[in-house]
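A quick write-up on the structure given underneath.
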Amino acid sequence: MDKWVLIDGNSIIYRAFFAMPQLTNSSGLHTNAVYGFTTMLLKLLEEEKPTHMLVAFDAGKVTFRHEGYAEYKGGREKTPPELSEQFPVLKELLRSFGIAQYELSGFEADDIIGTLSRIADESGIETVVVSGDKDMLQLASDHVTIALTRKGVTDVERYDPAQIQERYGLTPLQIIDLKGLMGDTSDNIPGIPGVGEKTALKLLHEFGSVEGVLANTSEIKGKMKEKVEAHQEDALMSKKLATIYREVPLENKADELVYNGYDGAVLGDMFRKLEFKSLIERLDLPEAGGAAADADLAEANYAVMAAGDLTADALSALLANSESFYLEAIGDNPHQAKVIGLAVASGDRIAVLSYDDLMGGKLSTPIRSWLEDAKAPKKGYDLHKAELALSWLGIELRGVTFDALLAAYLLDPTETSQTLAALIQRHRLAAIQTDETVYGKGAKFQVPGAEVLAAHLAAKADAVRRLVPLLTEELEKGHMSKLCYELEQPLAVVLAGMEKQGIKVNADVLQDLGAELEKNVAQYMSDIYAHAGMEFNINSPRQLGEVLFEKLGLPAWKKTKTGYSTDAEVLEKLEPYHEIVKLILHYRQLAKLQSTYVEGLLKEIRRDTGKVHTFYRQTIAATGRLSSQFPNLQNIPIRLEEGRRIRKAFVPSEPGWHILAADYSQIELRVLAHISGDEKMKQAFIDDTDIHTKTAMDVFGVTADQVDANMRRQAKAVNFGIVYGISGFGLANNLGIARKDAEMFIAQYFEVFQGVRAYMDNIVAQARNDGYVTTLLERRRYLPDIKASNFNLRSFAERTAMNTPIQGTAADIIKLAMVNMDKELRERGLRSRMLLQVHDELVFEVPAEELELMKTLLPQVMEGALKLDVPLKADVSYGDNWYEAK
DNA sequence: CTTCTCACG
DNA sequence: ACGTACGTGAGAAGT
């Protein structure tokens, strides 16, 4: 069975260019559009398995369409040079793939594809047309489906005639009439002025075609009638321009479209030229010239010393002059990670010890005492994980002086891969093997034999050693040395302490709650089945969508890329239509509690201690916040009472102790008041007024007692919006009001808080100028998209520029408070323990006799963490469990 | 392994 | 005109 795939080259490369972030190879060639195009090709090859394939291009500037209408495609912006330079590259890439390409002077890509799809259709050959242009829908038929790009490049939506009917209520050929009426600004096709998609569809549903509309103008009312009558000629010409010409002389071309797959070596060479390294790996393409794979790998200018090569004294001597340290622990969860070895580099020797060497034998004593010696300096990589993994072996890691992972994170917190291999590559140092190469991944993961493993661990210790001076210098240049050595590194130790300590979770409380939930979930389930008239999996959005929108016929208005959206926003809008909707919302709420918080949390409780030990990741969030994993203890329910009860299970680990919690009040807005210097906002916090009420008063121009609940709610949403980097659309969406009204609120807000407006303008300008923004403690985030020509990318970067200094400074502040508080506890010899951090909240367990002291000490330390132009405020609460501490 | 949904600040 | 709020992690489905 033949299968043809016909691609509108111009349309897709444009799409790819605007959808992909800036990307260049090391010689400065822009490659983003070609990269995007390539990912789309790969997806098509995999999904469609075509026997024939063609990429069609527009040729030259003038086509037959210009003969009747010289202004066709006039007024278009010039193609950006960053894109033009990629056309020849794309054509070369297609040759490397072995994919046919075609262009014919006087015709557009549309016409070539239109003709070939007609030929395919006439022979009954299944064909997919790929484009970003809706006009292509006119080509759909029983054998021809149209894949239109939606978001990005690889996300496409397929249309056959039935789907076009469903979406527009039109046949494929009527798509031409649609454009005839609407016109198309991008092609400079006029259509009828004032007729957009809505009106055009209405007219077509009534009269069937452009000609039908023109013949029945008497039945059209008001202004619309005048417009249609005045622009009859335009409509007819527009229809003609929009019609794809399907008789291009292309007979007997089919053989040239045959696709036989690509030659890995040829494609590999092309990808190397473009530096598409991830794709080389993904397709497992051969290395250049077959061999020489290891040519770039660093040559070991050190001797790997295994246990057999070392005496205890020799090891001690080496450790005394250590330059770097690397500990390998397998597994993502450091509390369960298996230590398989470690390496210490010193001059031309790198000692590599196994787990067994660490746990017993002649070398165990020297290595353990070195690890635990706070005076023995250690420069390493991910020592937070190392500290935890070792601690479960009864070894306390001390004396960390430099962590390459933390440094790398500070230097670029948005970088997703901070592995040693990636860091080495980014710094253009001689390469080391990736973990994936050495261990494999997924089901194929396997620890290699002792010798190979030793070589790899030694290479990593050596990599750390080579990175340290570079990272140190970059931190210095970025003014982040203090942030690294005095905040993040000490914090890593505090976090490890919290994680080792863990928090006690009462399994009985969870089990009781679970039993209750189970009953209720079952009840909801049967009620939902009764209303639906059938049983189905409510947890499956797909099945739920079918029941709601097809079986029950509820109105569908929001779609995901795979089907109907059934999220809470959709369901809330559907509530008035059917009783089942409310039941589903409740079911969802309870099922979430049951699976994630009752069952999920129960699985994390250690049988021996009854505690859960989360892991705070310090190098994930782009803003400087922490994140929490295994389990995530930063998203335990609180907003709704049913869920909040989960917190009753979090209890002190010792009898008679209490849970004490303190959270910063409005920390982000206080930070904003400080960094913007807005006098009005500063004064509001100095007077300790309710900021949302104050905002409502100023924005609505009323007195305090005139602010009702709704005004305060709206003001609160505006304040949130300000912190997020406000947009009219976002605020409108959040408040469920018209965008115009939202924009009015924002304008009014900026009228009042002029300092805030100035800050927002300045920070975006600063980001454009420097390429990055910073927090008060000089934490940095780069925003490469701030200059993007793509509106979406640029807007996103602008909002990020506004938000990151605020969210990031708040993160700085609570981190300072944590380090200071830890110090206070130790210096005062208190037994109280810090257990959790939830972005603006700290949770402790405290013995009864320390409660009074802690109730004043904790807020004092939190409020004094950083001196701002406005006071910081922390509210304390306590109880017998986390629920009571509210 | 990705997608959807939903929990938190 | 474009199409969005900022930052995370986890469970269940379905490929």
Side-chain angles (χ1 to χ4, degrees), chain A residues 18 46-47 150-151 154-155 184-186 196 332 413-414 441-442 537-545 559-571 584-585 588-589 591-601 603-604 614-617 620-640 643-644 646-647 663-664 666-668 717-718 720-735 739 742 746 781 789-808 810-811 814 836-841:
Chain A
F18 289 110
E46 189 184 350
E47 287 180 358
R150 256 205 319 204
K151 216 167 46 176
T154 52
D155 178 13
D184 183 341
T185 32
S186 71
D332 288 335
T414 56
K441 68 168 172 181
N537 187 344
I538 310 169
N539 291 329
S540 160
R542 194 173 124 187
Q543 293 184 35
L544 181 62
K559 287 195 144 196
T560 67
K561 52 183 144 179
T562 52
Y564 304 107
S565 171
T566 67
D567 64 20
E569 190 195 351
V570 171
L571 295 183
I584 293 167
L585 280 164
R588 278 248 177 99
Q589 193 197 329
K592 173 86 178 178
L593 290 176
Q594 179 76 308
S595 69
T596 306
Y597 295 104
V598 174
E599 288 165 5
L601 212 46
K603 277 185 239 162
E604 297 287 344
T614 189
F615 172 51
Y616 289 104
R617 297 195 69 184
I620 295 297
T623 54
R625 276 188 174 185
L626 300 176
S627 80
S628 157
Q629 266 184 323
F630 318 126
N632 181 355
L633 295 183
Q634 290 183 319
N635 70 347
I636 303 300
I638 190 167
R639 292 174 189 167
L640 300 173
R644 192 172 194 158
I646 296 283
R647 295 181 173 227
D663 67 308
Y664 280 111
Q666 307 294 354
I667 188 166
E668 294 191 336
V718 174
F720 267 93
I722 291 292
V723 169
Y724 291 156
I726 200 144
S727 74
F729 186 96
L731 180 66
N733 217 16
N734 188 285
L735 281 174
R739 180 170 158 173
I746 295 169
R781 179 174 181 177
S789 51
N790 179 311
F791 175 88
N792 271 326
L793 290 178
R794 191 176 63 248
S795 302
F796 187 45
E798 288 169 357
R799 291 197 297 273
T800 310
M802 301 184 231
N803 171 265
T804 295
I806 302 172
Q807 194 183 115
I814 195 165
L836 302 176
Q837 189 252 43
V838 193
H839 308 307
D840 66 354
E841 176 187 18

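Chain letters run A, B, ... following the sequence lines, proteins first, then strands; residues in each count from 1.
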Does [X] reach a base, just sugar-phosphate, or nothing at all? Heavy atoms under 4.0 Å.
X        : result
A:Leu626 : nothing
A:Leu593 : nothing
A:Ile806 : nothing
A:Ala717 : base
A:Phe796 : sugar-phosphate
A:Asn537 : sugar-phosphate
A:Arg739 : base
A:Gln807 : base
A:Ala622 : sugar-phosphate
A:Ser727 : base
A:Ala591 : nothing
A:Val723 : nothing
A:Glu841 : nothing
A:Asn632 : sugar-phosphate

Check: Okay, side chain of A:Arg625, backbone of A:Gln807: is any donor-acceptor separation there less than 3.5 Å?
Finding: no
Item checked: A:Gln629 (side chain) donor-acceptor with A:Pro631 (main chain) under 3.5 angstrom ->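 Not confirmed, A:Gln629 side chain does not pair with A:Pro631 backbone.
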Please determine whether any donor N or O and acceptor N or O are separated by less than 3.5 Å between the side chain of [X] and the base of [N].
X        : N     : value
A:Arg617 : C:dG9 : no
A:Gln634 : B:dC8 : no
A:Arg625 : B:dG9 : yes
A:Asn635 : B:dA7 : yes

Short side-chain N/O contact to [N] OP1/OP2 from [X], under 4.0 Å:
X        : N      : result
A:Asn539 : C:dA13 : yes
A:Thr596 : C:dA10 : no
A:Thr623 : C:dG7  : no
A:Ser795 : C:dG3  : no
A:Gln837 : B:dG9  : no

Counting heavy atoms from C-beta on, name the nucleotide in [options] closest to the side chain of [X].
X        : options              : value
A:Arg799 : C:dC2, B:dA7, C:dC6  : C:dC6
A:Pro541 : B:dC4, C:dT8, B:dG9  : B:dC4
A:Arg542 : C:dT8, C:dG14, B:dC4 : C:dG14
A:Phe791 : C:dG3, B:dC8, B:dA7  : C:dG3

Check: Which comes earlier along DNA chain C counting from the 5' end, the contact point of A:Ser595 or that of A:Pro413, where each point is its nearest nucleotide?
Finding: A:Pro413
Roughly how many Å is it from [atom1] in [X] to [atom2] in [N], rounded to a whole number?
X        : N      : atom1 : atom2 : result
A:His839 : C:dG7  : NE2   : P     : 13 Å
A:Glu569 : B:dC4  : CD    : P     : 15 Å
A:Asn734 : C:dG3  : CG    : P     : 21 Å
A:Phe630 : C:dA10 : CZ    : P     : 6 Å
A:Gln666 : B:dG9  : CD    : P     : 13 Å
A:Gln589 : B:dC8  : CD    : P     : 10 Å
A:Tyr616 : C:dG7  : OH    : P     : 21 Å
A:Glu46  : B:dC1  : CD    : C1'   : 12 Å

Notebook entry, point to check: Taking the P atom of each, how far is B:dC4 from C:dT4, in whole Å?
Noted result: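 Comparing P positions in B:dC4 and C:dT4 gives a spacing of 13 Å.
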Item checked: Pairwise P distance, C:dG3 and B:dA7 [rounded to whole Å] -> 29 Å
Item checked: Side-chain ion pair, A:Lys592 and A:Glu599, N-O less than 4.0 Å ->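 A:Glu599 and A:Lys592: not salt-bridged.
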Notebook entry, point to check: Out of curiosity, A:Leu571 CG to A:Leu544 CG, how far, rounded to the nearest 0.5 Å?
Noted result: 6.5 Å
Checklist line | Base paired to C:dA1 (Watson-Crick or G-U; both N/O distances under 3.5 angstrom) | finding: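 Its partner is none (no Watson-Crick or G-U wobble pair with both distances under 3.5 Å).
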Notebook entry, point to check: What heavy-atom pair brings A:Ala717 and A:Asn734 nearest, and what distance separates the two atoms?
Noted result: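 Smallest interatomic distance, heavy atoms only, reads CB-OD1, 3.9 Å.
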Going by distance alone, is a donor N or O of one side chain under 3.5 Å from an acceptor N or O of the other, for [X] and [Y]?
X        : Y        : answer
A:Thr566 : A:Arg588 : yes
A:Gln634 : A:Ser628 : no
A:Arg617 : A:Ser627 : no

